[in-house]
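Quick notes on the structure that follows.
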Amino acid sequence: MNIDLTLREAIQQQLQNLFGKQAEQLQIQPTNPEFEGSHTLVCFSLTKISGKNPEDTAKLIGEALVQQNSIVAGFNVVKGFLNLILKDNAWLQVLQQLASKTHYGQLPKNGKEIMIEYSSPNTNKPLHLGHLRNNFLGWSVAEIYKANGYKVHKVQIINDRGIHICKSMAAWKLYGNGETPKTSGIKGDHLVGKYYVVFDKQHKTEMQALISKGLTEEEAQKQTPIMREAIDMLRKWEYRDPDTLQLWKTMNSWVYAGFDETYKKMGVDFDKLYYESNTFLLGKEQVITGLEKGVFFKKEDGSVWVDLTSDGLDQKVLLRSDGTSVYMTQDIGTAILRFHDFPNIEGQVYTVGNEQEYHFKVLFLILQKLGYAWAKQCYHLSYGMVDLPTGKMKSREGTVVDADDLIAEMVAEAKTQTLELGKTDELSQEEAEQLFQMIGLGALKFFLLKVDPKKRMLFDPNESIQLQGFTGPFIQYTHARIQAILRKANQLGIEINTTKIGEVTQLEPIEKTLIFVLSNFENKLAEAAKDYSPAIIANYVYEVAKTYNQFYQTISIFQETDPAKLQLRIGLSKLVAHVIKKSMHILGIQVPERM
RNA sequence: GGUCCGAUAGCUCAACUGGAUAGAGCAGCUGCCUUCUAAGCAGCAGGUUCGGGGUUCGAGUCCCUGUCGGAUCACCA
């Protein structure tokens with residue numbers, strides 16, 4: 001029984017009986033806890049069809065529902081709000097129905113396909129805190145869509161080409177002395193990142209030297225020996241110079257090995273990878289075709305542009321005067337290639353920071369102008385920056401929080417606190433290590449995902465490391481607690497039988513609240529998909545855990561003598577554990593049996 | 001300067017998309033472990049929702065205006 005639907009139908013029927021007319025829309029909301037009831041009908045807008053004031057309207061509807069309907073037991077009216085009290089029996093039916101579903105929270109396949117892009121790093125430095133928010137978000141949104149019945153393709157575009165990687169290459173060539181991840185013992189992405197920093201330092205000192213010789217800053221910027229080396233490498237790369245290509249491949253492979261390790265630690269994965277080095281040429285072709293079709297235009301110097309002034313935007317360059325491609329060129333190519341590879345996808349979601357909103361607005365417009373109908377189904381999942389208490393993260397100033405370091409710190413903190421609480425007594429060494437990982441990573445992911453993606457957020461290391469309150473570990477703990485109960489039930493030989501639950505005659509208020517919260521799960525999943533927001537799931541699962549802990553604390557399960565009630569409470573616990581596990585999975589967080 | 005986003009308790013965030021007396025966590029203060037896990041629960045305290053107008057039965061939410069963050073407007077990615 002869908003309680004919401006049943007209620008709506010009943011109300012519409014009574015409106016018909018009472019006033020000879022149904023409402024276009026019924027506004028039903030959860031009842032404010034200070035009043036009795038669970039569902040509240042807001043009656044202000046119904047005065048139009050009742051011709052009476054809100055209070056009288058509410059009263060009439062309430063009386064009619066109690067008289068004629070099977071699920072409403074009572075009501076009260078406050079101003080224009082009709083608070084409905086449902087029969088215990090209705091709650092029991094809801095619970096029985098939810099408990100009998102084997103895949104509650106997994107909607108049936110809807111035949112739709114969607115592509116979600118996230119991560120998409122540059123290959124010249126390791127991943128940092130900003131990437132963590134990006135990866136967790138993208139991965140979780142993919143899971144949200146899966147739970148809603150979509151077939152999902154998780155992809156990323158790897159920016160493996162361009163001046164940024166040439167900078168690391170140049171620095172390594174000049175100052176690396178053949179150092180490799182093996183000889184140095186440094187993780188590949190960190191090693192390449194190290195030479196990016198070397199480049200920057202060297203470039204700055206060389207610039208000073210040039211400026212003191214009388215060059216302007218702008219001139220010096222482009223003429224330092226190390227910058228010349230990098231630019232030369234980029235040119236050689238474009239011309240397929242074998243040595244340059246070899247170095248490029250080698251250093252990128254170091255980075256990929258490093259990334260793979262980090263992704264694995266993060267619990268993030270992809271179905272397909274796209275490389276900029278493979279897509280930028282396709283983008284070029286598209287631009288040339290567009291030029292021939294008259295969608296774009298060429299300036300005297302040979303550069304190709306798109307004019308978006310009629311759309312309220314500016315002109316945008318698509319090919320430089322020397323014929324080389326820009327960021328936009330490559331993104332055009334990538335988008336088209338993806339729809340070619342996966343013809344059934346109905347849209348693409350780009351998980352990219354909000355500083356690129358303008359870029360994506362332009363990209364989608366260009367794709368539309370090129371005549372791709374699917375361009376309207378492209379969505380920029382734009383998320384806010386992660387700030388530190390010290391301010392903005394800047395890689396050049398060294399105020400970056402490294403992803404590997406942060407994960408290690410979180411796990412270490414989880415270990416310290418877990419050992420302090422003496423929670424590892426029953427666990428083997430290996431189980432304990434797994435638990436620390438689960439808790440540390442769970443705390444981190446939950447911390448980053450509980451905030452509305454669109455909003456800029458503050459990452460306070462002290463707060464993120466907390467394991468009490470509105471945190472991942474709090475929810476993991478609740479799950480472990482329930483598992484202890486289920487183990488005990490198992491020992492006592494109690495098996496859950498949903499028909500037995502139906503014999504219960506009276507429910508505690510907290511039990512009704514819990515059933516109500518649980519019955520909202522699939523609505524929340526739909527809402528989260530619509531808004532591309534794991535935060536909705538995070539807030540929801542917190543509410544579930546909190547409500548369960550209230551239940552747990554007020555009711556002693558195994559002291560119950562009525563076998564039907566015992567069944568109900570264990571069944572309810574089991575369902576809560578299921579919803580927690582599924583929700584947390586959607587957030588990319590594992591959940592322990594003990595902690 | 002143009003465009004876009006944001007501002008809610010000391011701090012970090014919510015608020016069912018216009019509903020009732022704006023809710024949580026952290027920090028502070030009180031209680032509760034001989035019972036199924038106290039990483040928990042119950043309670044106290046904490047608010048002019050940035051200021052000012054407007055729209056209506058009703059505004060943190062919508063409109064106008066001002067103030068203060070921020071992002072973006074590159075032949076960078």
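Lettering of chains follows the sequences in order, A, B, ..., and the numbering in each one begins at 1. Because the structure is predicted, anything quoted here is derived from the model rather than measured.
A:L319 places its CG atom 17 Å from the P atom of B:rA74, with the value rounded to the nearest Å. Taking atom CG of residue A:L448 and atom P of nucleotide B:rC13, one finds them 11 Å apart after rounding to whole Å. Following rounding to the nearest Å, A:Y275 (OH) and B:rA77 (P) show an atom-to-atom distance of 20 Å. Taking atom CD of residue A:E55 and atom P of nucleotide B:rC57, one finds them 17 Å apart after rounding to whole Å. With rounding to whole Å, A:Y358 atom OH is found 16 Å from B:rC76 atom P. Residue A:L234 contributes atom CG, which lies 12 Å from atom C1' of B:rC76 at whole-angstrom precision. The distance from atom NZ of A:K546 to atom C1' of B:rG40 is 9 Å, rounded to the nearest whole Å. Atoms CG (A:L514) and P (B:rC41) sit 13 Å apart, rounded to a whole Å.
Straight-line distance between the P atoms of B:rG70 and B:rA7: roughly 15 Å, to the nearest whole Å. Annotation: B:rC29 and B:rU35 have their C1' atoms spaced 29 Å apart (nearest Å).
Checking the phosphate oxygens (OP1, OP2) of B:rA14, a side-chain nitrogen or oxygen of A:K455 falls inside 4.0 Å. For the OP1/OP2 pair of B:rU21 and a distance below 4.0 Å, the side-chain nitrogens and oxygens of A:K79 include at least one atom meeting the criterion. At the phosphate of B:rU12, neither OP1 nor OP2 sits under 4.0 Å from any side-chain N or O atom of A:R456. Look at A:Q476 and you won't find any side-chain N or O under 4.0 angstrom from OP1 or OP2 of B:rA39.
For B:rC5, the base adopts the anti conformation, since its glycosidic angle falls more than 90 degrees from zero. Taking the O4'-C1'-N9-C4 or O4'-C1'-N1-C2 dihedral as appropriate, B:rG54 has a value more than 90° from 0 and is therefore anti. Here B:rU67 is in the anti range [glycosidic angle more than 90° from 0].
Among the protein residues, A:T471 comes within range of no part of the nucleic acid, since none of its heavy atoms lies under 4.0 Å from any strand. Backbone-only engagement by A:D452 is indicated by non-hydrogen atom pairs under 4.0 Å involving sugar-phosphate atoms exclusively. Using a 4.0 Å heavy-atom cutoff across all strands shown, A:Q29 reaches at least one base atom of the nucleic acid. Residue contacts for A:D531: at a heavy-atom cut-off of 4.0 Å it reaches a base atom on one of the strands shown. Residue contacts shown for A:N549 are limited to sugar-phosphate atoms, with no base heavy atom under 4.0 Å away.
Between A:E355 and A:V78, the residue whose closest nucleotide on RNA chain B is further toward the 5' end is A:V78. Between A:F459 and A:N32, the residue anchored nearer the 5' end of RNA chain B, judged by the nucleotide with its closest heavy atom, is A:F459.
Annotation: cation-pi pair A:R133/A:Y383 absent, no NZ/CZ under 6.0 Å from the ring centroid and within 45° of its normal.
Checked against B:rC41, B:rC73, B:rG25, the side chain of A:D314 finds its nearest nucleotide in B:rC73.
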Distance-only criterion, 3.5 Å: show the donor-acceptor pairs between side-chain atoms of residues 481-495 of chain A and protein atoms not counting sequence neighbours.
residue	atom	partner	partner atom	Å
A:R481	NH1	A:N549	OD1	2.6
A:Q483	NE2	A:H479	NE2	3.2
A:R487	NH1	A:E593	O	3.3

Please set out all donor-acceptor pairs under 3.5 angstrom arising from side-chain atoms of residues 522-539 of chain A, sequence neighbours excluded.
residue	atom	partner	partner atom	Å
A:E522	OE2	A:G105	N	3.1
A:S533	OG	A:A535	N	3.4
A:N539	ND2	A:A535	O	2.8

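Ion pairing of A:D189 with A:K125 is absent here, as no side-chain N (NZ or NE/NH1/NH2) approaches a carboxylate O to less than 4.0 Å. Note on A:D200 versus A:K204: salt bridge recorded, some NZ/NE/NH1/NH2 to OD/OE distance being below 4.0 Å. Ion pair A:E511/A:K565 not flagged as a salt bridge, since none of the NZ, NE, NH1 or NH2 atoms sits closer than 4.0 Å to an Asp/Glu carboxylate oxygen.
For A:K284, the NZ atom is densely surrounded, since the number of other residues' heavy atoms within 6.0 Å is greater than 12. Enclosure of atom CD in A:Q590 is not indicated, since only 12 or fewer non-hydrogen atoms of other residues, nucleotides or ligands lie within 6.0 angstrom. The environment of NZ in A:K298 is sparse: at most 12 heavy-atom neighbours from other residues, nucleotides or ligands sit within 6.0 Å.
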Item to check | Protein proximity profile, nucleotides 28-38 of chain B - base contact B, sugar-phosphate-only contact S, no contact -, cut-off 4.0 Å on heavy atoms | outcome: -------BBBS
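The stretch residues 42-54 of chain A comes close to RNA chain B through A:V42, A:F44, each having a heavy atom under 4.0 Å from the strand.
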Checklist outcome for this item: Given Watson-Crick and G-U pairs under 3.5 Å, RNA chain B in dot-bracket ([ ] crossing, | other strand) is ((((.((..((((.....[...)))).(((((.......))))).....(((((..]....))))))).))))....
Item to check | Residue pair A:N83, A:E36: steps toward the side chain to side chain contact (heavy atoms under 4.5 Å, CB included) verdict | outcome: CA-CA 7 Å; A:N83 302 323; A:E36 201 188 347; over 6 Å; no
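Judged by distance alone, with hydrogens and angles left aside, A:T40 brings a side-chain donor or acceptor within reach of the base of B:rA20, the pair sitting under 3.5 Å. Scanning atom types as modelled, one donor and one acceptor separated by under 3.5 angstrom connect the side chain of A:N83 and the base of B:rA20. With hydrogens and angles ignored, no donor-acceptor pair under 3.5 angstrom links the side chain of A:Q356 to the base of B:rU72. Under 3.5 Å, the side chain of A:Q27 and the base of B:rG19 form at least one donor-acceptor pair of N or O atoms.
Of the possible donor and acceptor atoms, one in the side chain of A:T351 sits under 3.5 Å from a partner among the backbone N and O of A:E117. When atom types are taken as modelled, the side chain of A:T224 and the backbone of A:A220 share no donor-acceptor pair closer than 3.5 angstrom.
Remark: the A:S321 side chain and the A:S303 side chain contain no N/O donor-acceptor pair separated by less than 3.5 Å.
In this pair, A:F474 does not lay its aromatic ring on the base of B:rG40; centres under 5.5 Å and planes under 30 degrees do not both hold.
A:E433 meets the salt bridge (charged side-chain N to carboxylate O under 4.0 Å, His left out) test with A:K415; sequence neighbours excluded.
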